[in-house]
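The analysis underlying the following values was restricted to heavy atoms, covering all of them including side chains, and did not include hydrogens, waters or symmetry mates. Below, read A as the first sequence line, B as the second, and so on, with proteins coming before strands; counting in each chain starts at 1.
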Amino acid sequence: MHRIYALREVREENARTRTLVCDGPLEARPGQFVMVWLPGVGEKPFSVAGDDPMALMVVGVGPVTHAINALKVGDRLWVRGPLGQGYELEGERLMLVAGGYGVAPLRFLAEQALRRGMCVEACVGARSAADLLLCSDLAALGVRLCLATEDGSAGERGLVTALLTGRLAAWKPDLVCACGPVPMLEAVERLCAQQGVACQLSWEAEMRCGQGVCGSCECRRPGWLACVDGPVTVG
Amino acid sequence: MPDLTCSLLGLTLHNPIVLASGILGTSAALLERVAQAGAGAVTAKSCGPAPRTGHPNPITIEWGHGLINAVGLTNPGAPVEAPLLAEARALLQPLGVPLIASIFGGTPREYGEVARTIATARPALIEVNISCPNVADEFGTPFAADAVAAAEVTAAVVANAGGIPVSVKLAPNVPDIVRIARAVGAASASALTAINTMPGMVIDPYAGRPVLSNRSGGLSGPAIKPIALRCVAQLAAEQDLPVIGTGGVLTGIDAAEMLMAGATAVGVGTAVWYRGPEALGQIVAELDEFMAAEGYTSLAELRGLALR
Ligand SMILES: Cc1cc2nc3c(=O)[nH]c(=O)nc-3n(C[C@H](O)[C@H](O)[C@H](O)COP(=O)(O)O)c2cc1C
(Lines give C-alpha, C1' and ligand atoms only; values in the text may rest on other atoms or scores of the structure.)
Protein backbone atom coordinates (compact mmCIF):
# COMPACT_ATOMS: atom_id res chain seq x y z
CA MET A 1 0.00 0.00 0.00
CA HIS A 2 1.17 3.54 -0.66
CA ARG A 3 1.74 6.20 1.87
CA ILE A 4 0.91 9.63 0.50
CA TYR A 5 3.11 12.60 1.38
CA ALA A 6 2.84 16.24 0.40
CA LEU A 7 5.99 18.23 -0.31
CA ARG A 8 6.88 20.65 2.45
CA GLU A 9 10.02 22.05 0.88
CA VAL A 10 11.89 21.80 -2.41
CA ARG A 11 15.61 22.66 -2.41
CA GLU A 12 17.51 23.25 -5.61
CA GLU A 13 20.86 21.40 -5.35
CA ASN A 14 22.03 22.07 -8.91
CA ALA A 15 20.54 22.52 -12.39
CA ARG A 16 19.25 18.91 -12.55
CA THR A 17 18.92 18.00 -8.90
CA ARG A 18 16.44 18.77 -6.15
CA THR A 19 15.98 17.67 -2.59
CA LEU A 20 12.31 17.03 -1.84
CA VAL A 21 11.36 17.30 1.81
CA CYS A 22 8.04 15.65 2.67
CA ASP A 23 5.44 16.55 5.28
CA GLY A 24 5.93 13.51 7.51
CA PRO A 25 8.46 10.98 8.76
CA LEU A 26 9.36 7.54 7.39
CA GLU A 27 10.92 4.97 9.69
CA ALA A 28 13.88 4.05 7.48
CA ARG A 29 17.57 3.31 7.82
CA PRO A 30 20.18 5.03 5.63
CA GLY A 31 20.79 2.90 2.53
CA GLN A 32 17.19 1.69 2.33
CA PHE A 33 15.09 2.83 -0.62
CA VAL A 34 11.51 3.68 -1.49
CA MET A 35 9.47 3.27 -4.67
CA VAL A 36 7.90 6.60 -5.57
CA TRP A 37 4.79 6.58 -7.76
CA LEU A 38 3.52 9.60 -9.59
CA PRO A 39 0.04 8.70 -10.87
CA GLY A 40 -0.14 8.80 -14.63
CA VAL A 41 3.63 9.11 -14.93
CA GLY A 42 5.37 6.09 -13.42
CA GLU A 43 7.24 4.61 -10.49
CA LYS A 44 10.99 4.70 -9.68
CA PRO A 45 13.28 3.76 -6.78
CA PHE A 46 15.04 6.43 -4.71
CA SER A 47 17.31 6.02 -1.75
CA VAL A 48 16.02 7.61 1.41
CA ALA A 49 17.88 10.89 2.00
CA GLY A 50 16.26 11.72 5.35
CA ASP A 51 13.79 10.07 7.72
CA ASP A 52 12.19 12.79 9.81
CA PRO A 53 10.82 14.36 7.76
CA MET A 54 11.25 11.96 4.87
CA ALA A 55 13.48 13.43 2.16
CA LEU A 56 14.60 12.32 -1.28
CA MET A 57 17.19 13.70 -3.67
CA VAL A 58 16.00 13.48 -7.26
CA VAL A 59 18.14 13.94 -10.38
CA GLY A 60 16.19 14.68 -13.52
CA VAL A 61 17.32 12.02 -15.98
CA GLY A 62 14.10 10.64 -17.53
CA PRO A 63 10.38 11.30 -17.78
CA VAL A 64 9.55 10.13 -14.25
CA THR A 65 12.37 12.00 -12.50
CA HIS A 66 11.66 15.14 -14.54
CA ALA A 67 8.00 14.98 -13.54
CA ILE A 68 8.93 14.48 -9.88
CA ASN A 69 11.33 17.42 -10.06
CA ALA A 70 8.58 19.59 -11.51
CA LEU A 71 6.48 19.11 -8.33
CA LYS A 72 5.92 22.14 -6.14
CA VAL A 73 5.45 22.59 -2.41
CA GLY A 74 2.07 21.06 -1.48
CA ASP A 75 2.05 18.55 -4.36
CA ARG A 76 1.67 14.86 -3.47
CA LEU A 77 3.93 11.83 -3.80
CA TRP A 78 2.94 8.15 -3.40
CA VAL A 79 5.56 6.14 -1.54
CA ARG A 80 6.07 2.37 -1.03
CA GLY A 81 8.69 1.34 1.49
CA PRO A 82 11.16 1.54 3.11
CA LEU A 83 12.58 -1.44 1.21
CA GLY A 84 15.83 -3.39 1.27
CA GLN A 85 18.81 -3.54 3.59
CA GLY A 86 20.61 -0.38 4.67
CA TYR A 87 24.03 0.36 6.13
CA GLU A 88 24.94 -1.06 9.55
CA LEU A 89 27.10 1.30 11.57
CA GLU A 90 29.98 -0.14 13.58
CA GLY A 91 33.24 1.14 15.10
CA GLU A 92 34.22 4.69 15.89
CA ARG A 93 35.69 6.15 12.72
CA LEU A 94 33.44 6.20 9.68
CA MET A 95 34.65 7.11 6.20
CA LEU A 96 31.99 7.97 3.62
CA VAL A 97 32.83 7.75 -0.07
CA ALA A 98 30.38 9.42 -2.44
CA GLY A 99 30.45 9.63 -6.20
CA GLY A 100 28.08 12.15 -7.81
CA TYR A 101 24.50 11.58 -6.65
CA GLY A 102 25.58 8.84 -4.25
CA VAL A 103 25.98 11.48 -1.58
CA ALA A 104 22.20 11.54 -0.80
CA PRO A 105 21.98 8.44 1.45
CA LEU A 106 25.42 9.16 2.90
CA ARG A 107 24.40 12.56 4.26
CA PHE A 108 21.55 10.76 6.06
CA LEU A 109 24.03 8.14 7.31
CA ALA A 110 26.44 10.85 8.53
CA GLU A 111 23.63 12.37 10.60
CA GLN A 112 22.99 9.04 12.37
CA ALA A 113 26.68 8.26 12.85
CA LEU A 114 27.35 11.65 14.43
CA ARG A 115 24.35 11.19 16.72
CA ARG A 116 25.96 7.92 17.87
CA GLY A 117 29.16 9.80 18.64
CA MET A 118 31.16 8.48 15.72
CA CYS A 119 33.87 10.51 13.97
CA VAL A 120 32.90 11.00 10.32
CA GLU A 121 34.96 11.92 7.29
CA ALA A 122 33.79 12.02 3.68
CA CYS A 123 35.58 11.72 0.36
CA VAL A 124 33.23 13.25 -2.19
CA GLY A 125 33.88 13.14 -5.91
CA ALA A 126 32.08 14.48 -8.97
CA ARG A 127 32.72 15.52 -12.54
CA SER A 128 33.03 19.24 -11.75
CA ALA A 129 32.35 21.73 -8.96
CA ALA A 130 28.73 22.12 -10.13
CA ASP A 131 28.13 18.38 -9.64
CA LEU A 132 29.39 18.30 -6.05
CA LEU A 133 26.22 17.95 -4.01
CA LEU A 134 25.31 18.41 -0.32
CA CYS A 135 28.89 19.34 0.62
CA SER A 136 27.84 22.36 2.67
CA ASP A 137 25.25 20.18 4.45
CA LEU A 138 27.94 17.65 5.34
CA ALA A 139 30.32 20.36 6.53
CA ALA A 140 27.57 21.94 8.63
CA LEU A 141 26.94 18.59 10.34
CA GLY A 142 30.61 18.44 11.32
CA VAL A 143 31.91 15.99 8.71
CA ARG A 144 35.51 16.50 7.61
CA LEU A 145 35.47 16.74 3.81
CA CYS A 146 37.96 15.77 1.12
CA LEU A 147 36.85 16.75 -2.38
CA ALA A 148 37.87 15.60 -5.84
CA THR A 149 36.62 16.65 -9.27
CA GLU A 150 37.56 15.15 -12.61
CA ASP A 151 38.17 18.61 -14.12
CA GLY A 152 39.89 20.03 -11.07
CA SER A 153 37.30 22.81 -10.62
CA ALA A 154 37.06 21.98 -6.91
CA GLY A 155 39.29 19.98 -4.54
CA GLU A 156 41.88 17.63 -5.97
CA ARG A 157 41.87 16.93 -9.68
CA GLY A 158 41.07 13.24 -10.30
CA LEU A 159 39.01 10.43 -8.88
CA VAL A 160 37.61 10.19 -5.37
CA THR A 161 39.33 6.82 -4.97
CA ALA A 162 42.72 8.52 -5.11
CA LEU A 163 41.68 10.62 -2.10
CA LEU A 164 40.44 7.50 -0.35
CA THR A 165 43.78 5.70 -0.79
CA GLY A 166 45.52 8.47 1.12
CA ARG A 167 42.90 8.77 3.85
CA LEU A 168 42.70 4.99 4.45
CA ALA A 169 46.42 4.99 5.22
CA ALA A 170 46.48 8.25 7.20
CA TRP A 171 43.22 8.10 9.18
CA LYS A 172 42.61 4.34 9.43
CA PRO A 173 38.79 4.33 9.55
CA ASP A 174 36.96 1.37 11.13
CA LEU A 175 34.35 1.30 8.39
CA VAL A 176 33.96 2.67 4.85
CA CYS A 177 30.44 3.26 3.52
CA ALA A 178 30.16 4.12 -0.17
CA CYS A 179 27.52 5.00 -2.73
CA GLY A 180 28.14 5.94 -6.33
CA PRO A 181 28.80 4.54 -9.80
CA VAL A 182 29.74 0.85 -10.14
CA PRO A 183 33.40 1.41 -11.18
CA MET A 184 33.88 3.62 -8.11
CA LEU A 185 32.30 1.01 -5.82
CA GLU A 186 34.49 -1.72 -7.29
CA ALA A 187 37.59 0.40 -6.73
CA VAL A 188 36.52 1.16 -3.14
CA GLU A 189 35.95 -2.56 -2.53
CA ARG A 190 39.46 -3.35 -3.82
CA LEU A 191 41.15 -0.62 -1.78
CA CYS A 192 39.36 -1.63 1.42
CA ALA A 193 40.24 -5.30 0.87
CA GLN A 194 43.90 -4.33 0.42
CA GLN A 195 43.88 -2.28 3.62
CA GLY A 196 41.77 -4.75 5.57
CA VAL A 197 39.05 -2.18 6.27
CA ALA A 198 35.37 -3.22 6.50
CA CYS A 199 33.28 -1.72 3.72
CA GLN A 200 29.60 -1.43 2.92
CA LEU A 201 28.59 -0.55 -0.64
CA SER A 202 25.25 0.50 -2.09
CA TRP A 203 24.58 -0.89 -5.59
CA GLU A 204 22.12 0.53 -8.07
CA ALA A 205 19.90 -1.82 -10.09
CA GLU A 206 16.74 -1.77 -12.15
CA MET A 207 13.88 -2.06 -9.64
CA ARG A 208 10.49 -3.39 -10.74
CA CYS A 209 8.48 -5.07 -7.96
CA GLY A 210 11.02 -3.93 -5.33
CA GLN A 211 10.09 -6.82 -3.02
CA GLY A 212 11.98 -9.89 -4.14
CA VAL A 213 9.44 -11.41 -6.50
CA CYS A 214 10.09 -10.41 -10.12
CA GLY A 215 13.86 -11.03 -10.31
CA SER A 216 14.61 -7.84 -12.32
CA CYS A 217 17.28 -6.52 -9.97
CA GLU A 218 19.53 -9.60 -9.84
CA CYS A 219 23.10 -8.24 -10.01
CA ARG A 220 26.60 -8.44 -8.46
CA ARG A 221 26.59 -12.24 -8.25
CA PRO A 222 24.18 -14.93 -9.43
CA GLY A 223 21.06 -15.13 -7.26
CA TRP A 224 21.67 -11.82 -5.42
CA LEU A 225 18.69 -9.45 -5.47
CA ALA A 226 19.44 -5.76 -4.94
CA CYS A 227 15.90 -5.09 -3.65
CA VAL A 228 15.81 -7.55 -0.74
CA ASP A 229 19.42 -8.72 -0.23
CA GLY A 230 20.71 -5.16 -0.83
CA PRO A 231 20.98 -2.52 -2.06
CA VAL A 232 23.81 -2.35 0.50
CA THR A 233 26.35 -5.18 0.63
CA VAL A 234 28.00 -5.67 3.98
CA GLY A 235 31.41 -7.32 3.76
CA MET B 1 7.90 -38.01 11.54
CA PRO B 2 5.49 -37.50 8.63
CA ASP B 3 6.71 -38.50 5.18
CA LEU B 4 6.46 -35.47 2.87
CA THR B 5 7.73 -37.29 -0.22
CA CYS B 6 5.50 -36.42 -3.13
CA SER B 7 5.18 -38.29 -6.37
CA LEU B 8 4.05 -36.32 -9.36
CA LEU B 9 3.94 -37.90 -12.82
CA GLY B 10 6.59 -40.44 -11.88
CA LEU B 11 8.87 -37.77 -10.40
CA THR B 12 9.79 -38.01 -6.75
CA LEU B 13 9.78 -34.65 -4.97
CA HIS B 14 11.31 -34.24 -1.48
CA ASN B 15 8.10 -32.43 -0.58
CA PRO B 16 4.95 -31.16 -2.36
CA ILE B 17 5.85 -27.45 -2.30
CA VAL B 18 6.52 -26.10 -5.81
CA LEU B 19 7.70 -22.59 -6.72
CA ALA B 20 5.00 -21.05 -8.94
CA SER B 21 5.87 -19.47 -12.29
CA GLY B 22 6.76 -15.78 -12.37
CA ILE B 23 8.22 -15.63 -8.88
CA LEU B 24 12.04 -15.62 -8.70
CA GLY B 25 12.22 -17.96 -11.69
CA THR B 26 14.13 -15.60 -13.97
CA SER B 27 17.61 -17.11 -13.68
CA ALA B 28 19.33 -20.41 -12.99
CA ALA B 29 20.85 -19.04 -9.78
CA LEU B 30 17.50 -17.81 -8.43
CA LEU B 31 15.86 -21.18 -9.18
CA GLU B 32 18.76 -22.87 -7.38
CA ARG B 33 18.36 -20.46 -4.46
CA VAL B 34 14.69 -21.39 -4.01
CA ALA B 35 15.55 -25.09 -4.31
CA GLN B 36 18.22 -24.69 -1.64
CA ALA B 37 15.65 -22.92 0.51
CA GLY B 38 13.64 -26.15 0.51
CA ALA B 39 11.29 -26.28 -2.50
CA GLY B 40 10.24 -29.72 -3.74
CA ALA B 41 10.27 -28.48 -7.35
CA VAL B 42 10.70 -25.09 -9.03
CA THR B 43 8.94 -23.49 -11.99
CA ALA B 44 10.71 -20.96 -14.20
CA LYS B 45 9.17 -17.65 -15.30
CA SER B 46 6.95 -18.05 -18.38
CA CYS B 47 8.79 -17.69 -21.63
CA GLY B 48 7.41 -16.94 -25.09
CA PRO B 49 8.61 -16.86 -28.67
CA ALA B 50 10.38 -13.47 -28.50
CA PRO B 51 11.86 -11.14 -25.88
CA ARG B 52 9.42 -8.89 -23.98
CA THR B 53 10.30 -6.12 -21.53
CA GLY B 54 6.83 -6.26 -19.95
CA HIS B 55 4.74 -3.36 -18.70
CA PRO B 56 6.21 -0.15 -17.22
CA ASN B 57 6.16 0.40 -13.43
CA PRO B 58 4.08 0.15 -11.30
CA ILE B 59 3.79 -3.60 -11.95
CA THR B 60 2.84 -4.78 -8.45
CA ILE B 61 1.17 -3.46 -5.35
CA GLU B 62 0.10 -5.01 -2.06
CA TRP B 63 -3.46 -3.82 -1.49
CA GLY B 64 -4.37 -5.28 1.89
CA HIS B 65 -5.45 -8.84 1.13
CA GLY B 66 -2.84 -9.88 -1.40
CA LEU B 67 -1.03 -8.62 -4.44
CA ILE B 68 -2.13 -7.37 -7.79
CA ASN B 69 0.42 -7.65 -10.57
CA ALA B 70 0.75 -6.86 -14.23
CA VAL B 71 4.38 -7.66 -14.94
CA GLY B 72 3.46 -8.33 -18.56
CA LEU B 73 5.34 -11.57 -19.25
CA THR B 74 8.83 -10.09 -19.14
CA ASN B 75 11.12 -12.75 -20.68
CA PRO B 76 14.15 -13.10 -22.93
CA GLY B 77 12.46 -15.30 -25.56
CA ALA B 78 12.72 -19.07 -25.94
CA PRO B 79 16.10 -19.22 -27.75
CA VAL B 80 17.76 -17.38 -24.83
CA GLU B 81 15.64 -19.11 -22.18
CA ALA B 82 16.50 -22.67 -23.29
CA PRO B 83 20.22 -22.55 -22.33
CA LEU B 84 19.27 -20.78 -19.09
CA LEU B 85 16.93 -23.66 -18.26
CA ALA B 86 19.61 -26.20 -19.15
CA GLU B 87 21.96 -24.42 -16.73
CA ALA B 88 19.23 -24.43 -14.08
CA ARG B 89 18.61 -28.13 -14.56
CA ALA B 90 22.31 -28.84 -14.04
CA LEU B 91 22.34 -26.80 -10.81
CA LEU B 92 19.14 -28.46 -9.55
CA GLN B 93 20.09 -32.04 -10.37
CA PRO B 94 22.43 -32.59 -7.40
CA LEU B 95 19.73 -31.18 -5.11
CA GLY B 96 17.18 -33.65 -6.46
CA VAL B 97 14.79 -30.81 -7.28
CA PRO B 98 12.95 -31.13 -10.62
CA LEU B 99 12.72 -28.12 -12.96
CA ILE B 100 9.40 -27.13 -14.49
CA ALA B 101 9.53 -24.87 -17.55
CA SER B 102 6.67 -22.48 -18.33
CA ILE B 103 5.71 -21.32 -21.82
CA PHE B 104 3.24 -19.03 -23.56
CA GLY B 105 2.51 -17.97 -27.11
CA GLY B 106 0.02 -16.11 -29.29
CA THR B 107 -1.18 -19.04 -31.42
CA PRO B 108 -1.14 -22.84 -31.05
CA ARG B 109 1.67 -22.89 -33.60
CA GLU B 110 3.74 -20.45 -31.53
CA TYR B 111 3.12 -22.51 -28.39
CA GLY B 112 4.38 -25.54 -30.31
CA GLU B 113 7.52 -23.74 -31.47
CA VAL B 114 8.32 -22.46 -27.98
CA ALA B 115 7.76 -25.98 -26.61
CA ARG B 116 10.16 -27.46 -29.16
CA THR B 117 12.89 -24.92 -28.26
CA ILE B 118 12.40 -25.29 -24.51
CA ALA B 119 12.27 -29.11 -24.70
CA THR B 120 15.95 -29.06 -25.72
CA ALA B 121 16.73 -28.06 -22.09
CA ARG B 122 14.99 -31.26 -20.92
CA PRO B 123 12.90 -29.86 -18.04
CA ALA B 124 10.99 -32.47 -16.02
CA LEU B 125 7.67 -30.90 -16.96
CA ILE B 126 6.48 -28.20 -19.35
CA GLU B 127 3.76 -25.98 -17.93
CA VAL B 128 1.60 -24.26 -20.52
CA ASN B 129 0.46 -20.82 -19.44
CA ILE B 130 -2.82 -20.26 -21.26
CA SER B 131 -4.10 -17.99 -18.54
CA CYS B 132 -1.99 -14.86 -17.96
CA PRO B 133 -4.56 -12.10 -17.42
CA ASN B 134 -2.14 -9.24 -18.03
CA VAL B 135 -1.56 -9.20 -21.74
CA ALA B 136 -5.17 -8.77 -22.84
CA ASP B 137 -5.98 -10.84 -25.90
CA GLU B 138 -2.42 -10.73 -27.11
CA PHE B 139 -1.29 -13.94 -25.37
CA GLY B 140 -3.20 -16.78 -23.88
CA THR B 141 -6.37 -15.42 -22.30
CA PRO B 142 -8.70 -16.57 -25.05
CA PHE B 143 -7.23 -20.06 -24.77
CA ALA B 144 -7.97 -20.40 -21.06
CA ALA B 145 -11.64 -19.60 -21.50
CA ASP B 146 -12.30 -21.75 -24.57
CA ALA B 147 -12.16 -25.53 -24.31
CA VAL B 148 -11.51 -26.07 -28.03
CA ALA B 149 -8.71 -23.49 -28.18
CA ALA B 150 -7.17 -24.78 -24.94
CA ALA B 151 -7.13 -28.30 -26.40
CA GLU B 152 -5.53 -27.07 -29.63
CA VAL B 153 -2.74 -25.35 -27.70
CA THR B 154 -2.24 -28.44 -25.57
CA ALA B 155 -2.04 -30.71 -28.61
CA ALA B 156 0.51 -28.38 -30.27
CA VAL B 157 2.70 -28.39 -27.16
CA VAL B 158 2.44 -32.15 -26.58
CA ALA B 159 3.39 -32.79 -30.22
CA ASN B 160 6.56 -30.71 -29.80
CA ALA B 161 7.53 -31.57 -26.24
CA GLY B 162 9.72 -34.56 -27.14
CA GLY B 163 7.98 -36.83 -24.66
CA ILE B 164 8.27 -34.40 -21.73
CA PRO B 165 4.97 -34.39 -19.80
CA VAL B 166 2.82 -31.28 -20.08
CA SER B 167 0.80 -29.47 -17.42
CA VAL B 168 -1.75 -26.86 -18.46
CA LYS B 169 -2.17 -23.81 -16.25
CA LEU B 170 -5.82 -22.94 -15.87
CA ALA B 171 -7.58 -19.67 -15.18
CA PRO B 172 -10.09 -19.39 -12.33
CA ASN B 173 -12.38 -16.97 -14.16
CA VAL B 174 -14.17 -19.42 -16.43
CA PRO B 175 -17.73 -20.68 -16.13
CA ASP B 176 -16.68 -24.33 -15.91
CA ILE B 177 -13.06 -25.12 -15.14
CA VAL B 178 -13.68 -28.87 -15.32
CA ARG B 179 -14.79 -28.56 -18.95
CA ILE B 180 -11.47 -26.89 -19.86
CA ALA B 181 -9.59 -29.51 -17.84
CA ARG B 182 -11.29 -32.41 -19.60
CA ALA B 183 -10.58 -30.84 -22.99
CA VAL B 184 -6.84 -30.44 -22.30
CA GLY B 185 -6.78 -33.94 -20.80
CA ALA B 186 -8.28 -35.33 -24.01
CA ALA B 187 -5.49 -33.47 -25.86
CA SER B 188 -2.92 -35.48 -23.83
CA ALA B 189 -1.99 -33.07 -21.05
CA SER B 190 -0.52 -35.05 -18.15
CA ALA B 191 -1.31 -32.61 -15.33
CA LEU B 192 -3.01 -29.34 -14.46
CA THR B 193 -1.78 -26.29 -12.61
CA ALA B 194 -4.59 -24.33 -11.00
CA ILE B 195 -4.97 -21.48 -10.60
CA ASN B 196 -3.37 -18.52 -12.31
CA THR B 197 -4.12 -15.08 -10.91
CA MET B 198 -7.69 -13.72 -10.83
CA PRO B 199 -8.24 -10.58 -12.95
CA GLY B 200 -8.83 -7.49 -10.87
CA MET B 201 -8.25 -3.79 -10.49
CA VAL B 202 -6.98 -1.66 -7.63
CA ILE B 203 -7.84 2.04 -7.71
CA ASP B 204 -6.10 4.69 -5.67
CA PRO B 205 -8.90 7.03 -4.61
CA TYR B 206 -6.53 9.95 -3.98
CA ALA B 207 -4.97 9.59 -7.41
CA GLY B 208 -8.35 8.82 -8.98
CA ARG B 209 -6.88 6.07 -11.15
CA PRO B 210 -5.77 2.44 -11.16
CA VAL B 211 -2.38 1.91 -9.52
CA LEU B 212 -0.95 -0.47 -12.15
CA SER B 213 0.34 1.07 -15.36
CA ASN B 214 -1.59 -1.70 -17.13
CA ARG B 215 -4.70 -0.52 -15.20
CA SER B 216 -5.87 -4.06 -14.44
CA GLY B 217 -3.85 -7.05 -13.29
CA GLY B 218 -3.96 -10.43 -11.61
CA LEU B 219 -4.85 -10.92 -7.95
CA SER B 220 -2.79 -13.40 -5.96
CA GLY B 221 -2.15 -14.26 -2.34
CA PRO B 222 -4.66 -14.56 0.54
CA ALA B 223 -7.58 -13.02 -1.38
CA ILE B 224 -7.67 -15.86 -3.90
CA LYS B 225 -7.10 -18.86 -1.62
CA PRO B 226 -10.79 -19.78 -1.33
CA ILE B 227 -11.16 -19.43 -5.11
CA ALA B 228 -8.17 -21.70 -5.66
CA LEU B 229 -9.41 -24.27 -3.13
CA ARG B 230 -12.76 -24.50 -4.88
CA CYS B 231 -11.20 -24.86 -8.34
CA VAL B 232 -8.80 -27.54 -7.11
CA ALA B 233 -11.57 -29.40 -5.29
CA GLN B 234 -13.73 -29.42 -8.41
CA LEU B 235 -10.86 -30.61 -10.57
CA ALA B 236 -9.88 -33.34 -8.12
CA ALA B 237 -13.46 -34.55 -7.79
CA GLU B 238 -14.45 -34.51 -11.43
CA GLN B 239 -11.44 -35.48 -13.54
CA ASP B 240 -8.33 -37.65 -13.20
CA LEU B 241 -5.26 -35.52 -13.98
CA PRO B 242 -3.07 -34.61 -11.00
CA VAL B 243 -3.28 -30.96 -9.98
CA ILE B 244 -0.54 -28.59 -8.80
CA GLY B 245 -2.86 -26.60 -6.51
CA THR B 246 -1.79 -22.95 -6.52
CA GLY B 247 -3.21 -19.74 -5.11
CA GLY B 248 -2.90 -18.00 -1.77
CA VAL B 249 -0.70 -20.51 0.02
CA LEU B 250 1.34 -18.51 2.52
CA THR B 251 1.82 -21.10 5.28
CA GLY B 252 2.12 -24.84 5.83
CA ILE B 253 -1.48 -24.88 7.06
CA ASP B 254 -2.60 -23.30 3.78
CA ALA B 255 -0.64 -26.03 1.97
CA ALA B 256 -2.44 -28.71 4.02
CA GLU B 257 -5.78 -27.19 2.97
CA MET B 258 -4.72 -27.32 -0.67
CA LEU B 259 -3.80 -31.01 -0.32
CA MET B 260 -7.13 -31.68 1.42
CA ALA B 261 -8.84 -30.07 -1.59
CA GLY B 262 -7.22 -32.79 -3.67
CA ALA B 263 -4.01 -31.23 -4.95
CA THR B 264 -1.12 -33.60 -5.69
CA ALA B 265 1.46 -30.83 -5.20
CA VAL B 266 1.15 -27.23 -4.00
CA GLY B 267 2.30 -24.13 -5.90
CA VAL B 268 3.60 -21.14 -3.95
CA GLY B 269 4.19 -17.66 -5.39
CA THR B 270 3.06 -14.59 -3.47
CA ALA B 271 4.29 -16.02 -0.15
CA VAL B 272 7.75 -14.94 -1.35
CA TRP B 273 6.62 -11.29 -1.30
CA TYR B 274 5.47 -11.59 2.32
CA ARG B 275 8.10 -13.97 3.70
CA GLY B 276 11.12 -13.64 1.38
CA PRO B 277 12.94 -16.27 -0.68
CA GLU B 278 13.03 -18.54 2.39
CA ALA B 279 9.22 -18.84 2.29
CA LEU B 280 9.10 -22.23 0.60
CA GLY B 281 11.32 -23.94 3.16
CA GLN B 282 9.33 -22.37 5.98
CA ILE B 283 6.09 -23.66 4.46
CA VAL B 284 7.56 -27.18 4.20
CA ALA B 285 8.57 -27.06 7.88
CA GLU B 286 5.13 -25.80 8.92
CA LEU B 287 3.39 -28.51 6.87
CA ASP B 288 5.59 -31.10 8.54
CA GLU B 289 4.74 -29.69 11.96
CA PHE B 290 1.01 -29.60 11.21
CA MET B 291 0.99 -33.19 9.98
CA ALA B 292 2.94 -34.40 13.00
CA ALA B 293 0.67 -32.56 15.42
CA GLU B 294 -2.50 -33.82 13.72
CA GLY B 295 -1.24 -37.39 13.42
CA TYR B 296 -0.88 -37.60 9.62
CA THR B 297 1.99 -39.77 8.43
CA SER B 298 1.86 -39.26 4.66
CA LEU B 299 0.49 -36.86 2.05
CA ALA B 300 -1.90 -39.58 0.85
CA GLU B 301 -3.82 -39.26 4.11
CA LEU B 302 -4.36 -35.54 3.48
CA ARG B 303 -5.01 -35.67 -0.22
CA GLY B 304 -8.64 -35.09 -1.09
CA LEU B 305 -9.67 -35.45 2.56
CA ALA B 306 -12.08 -32.52 2.30
CA LEU B 307 -13.84 -34.11 -0.69
CA ARG B 308 -14.87 -37.30 1.05
C1 LIG C 1 4.46 -11.13 -9.77
C2 LIG C 1 3.81 -12.35 -10.34
C3 LIG C 1 4.18 -12.82 -11.60
C4 LIG C 1 3.59 -13.95 -12.16
N5 LIG C 1 4.01 -14.40 -13.38
C6 LIG C 1 3.49 -15.55 -13.89
C7 LIG C 1 3.98 -16.10 -15.11
O8 LIG C 1 4.89 -15.56 -15.75
N9 LIG C 1 3.42 -17.25 -15.56
C10 LIG C 1 2.43 -17.90 -14.88
O11 LIG C 1 1.97 -18.95 -15.34
N12 LIG C 1 1.95 -17.40 -13.72
C13 LIG C 1 2.47 -16.25 -13.20
N14 LIG C 1 2.00 -15.77 -12.00
C15 LIG C 1 0.92 -16.49 -11.30
C16 LIG C 1 1.47 -17.43 -10.23
O17 LIG C 1 2.27 -18.44 -10.81
C18 LIG C 1 0.34 -18.08 -9.43
O19 LIG C 1 -0.44 -18.87 -10.29
C20 LIG C 1 -0.57 -17.06 -8.76
O21 LIG C 1 0.15 -15.95 -8.30
C22 LIG C 1 -1.36 -17.65 -7.58
O23 LIG C 1 -0.50 -18.17 -6.59
P24 LIG C 1 -0.01 -17.33 -5.28
O25 LIG C 1 -1.22 -16.78 -4.63
O26 LIG C 1 0.76 -18.33 -4.48
O27 LIG C 1 0.87 -16.25 -5.81
C28 LIG C 1 2.58 -14.63 -11.44
C29 LIG C 1 2.20 -14.15 -10.17
C30 LIG C 1 2.79 -13.03 -9.62
C31 LIG C 1 2.36 -12.56 -8.27
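Under the 4.5 Å side-chain criterion, counting only non-hydrogen atoms from C-beta, L30(B) is in contact with L225(A). R33(B) is listed as a side-chain neighbour of D229(A), based on a closest heavy-atom distance under 4.5 Å.
Residues Y206(B) and W78(A) come closest through the heavy atom pair C-CZ2, 3.9 Å.
None of M35(A), M207(A), E206(A), K44(A) except one satisfies the side chain to side chain contact (heavy atoms under 4.5 Å, CB included) rule with N57(B); the exception is M35(A).
Side-chain atoms of T60(B) and R208(A) form no donor-acceptor pair, as typed in the model, at a separation below 3.5 Å.
Heavy atoms of other residues, nucleotides or ligands lying less than 6.0 angstrom from CZ of R127(A) number 12 at most. Counted within 6.0 Å of CD on E186(A), heavy atoms from surrounding residues, nucleotides or ligands total more than 12; the atom is thus considered enclosed. Around the CD atom of E27(A), the shell of radius 6.0 Å holds no more than 12 heavy atoms that belong to other residues, nucleotides or ligands. Shown here is E204(A), whose CD atom has no more than 12 heavy atoms of other residues, nucleotides or ligands within 6.0 Å.
Of the atoms belonging to R221(A), not a single heavy atom falls under 4.5 Å from chain B. Proximity to chain A involves both the backbone and the side chain of P58(B), based on heavy atoms less than 4.5 angstrom apart. The parts of Q211(A) that come within reach of chain B are both its backbone and its side chain, each placing non-hydrogen atoms under 4.5 angstrom from that chain.
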- Message: Would W37(A) and I61(B) count as a side chain to side chain contact (heavy atoms under 4.5 Å, CB included) here? Give the steps.
- Response: CA-CA 11 Å; W37(A) 177 48; I61(B) 181 88; over 6 Å; no

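If you tally non-hydrogen atom pairs under 4.5 Å between each of S216(A), C214(A), G212(A), C209(A) and chain B, the highest count goes to C209(A).
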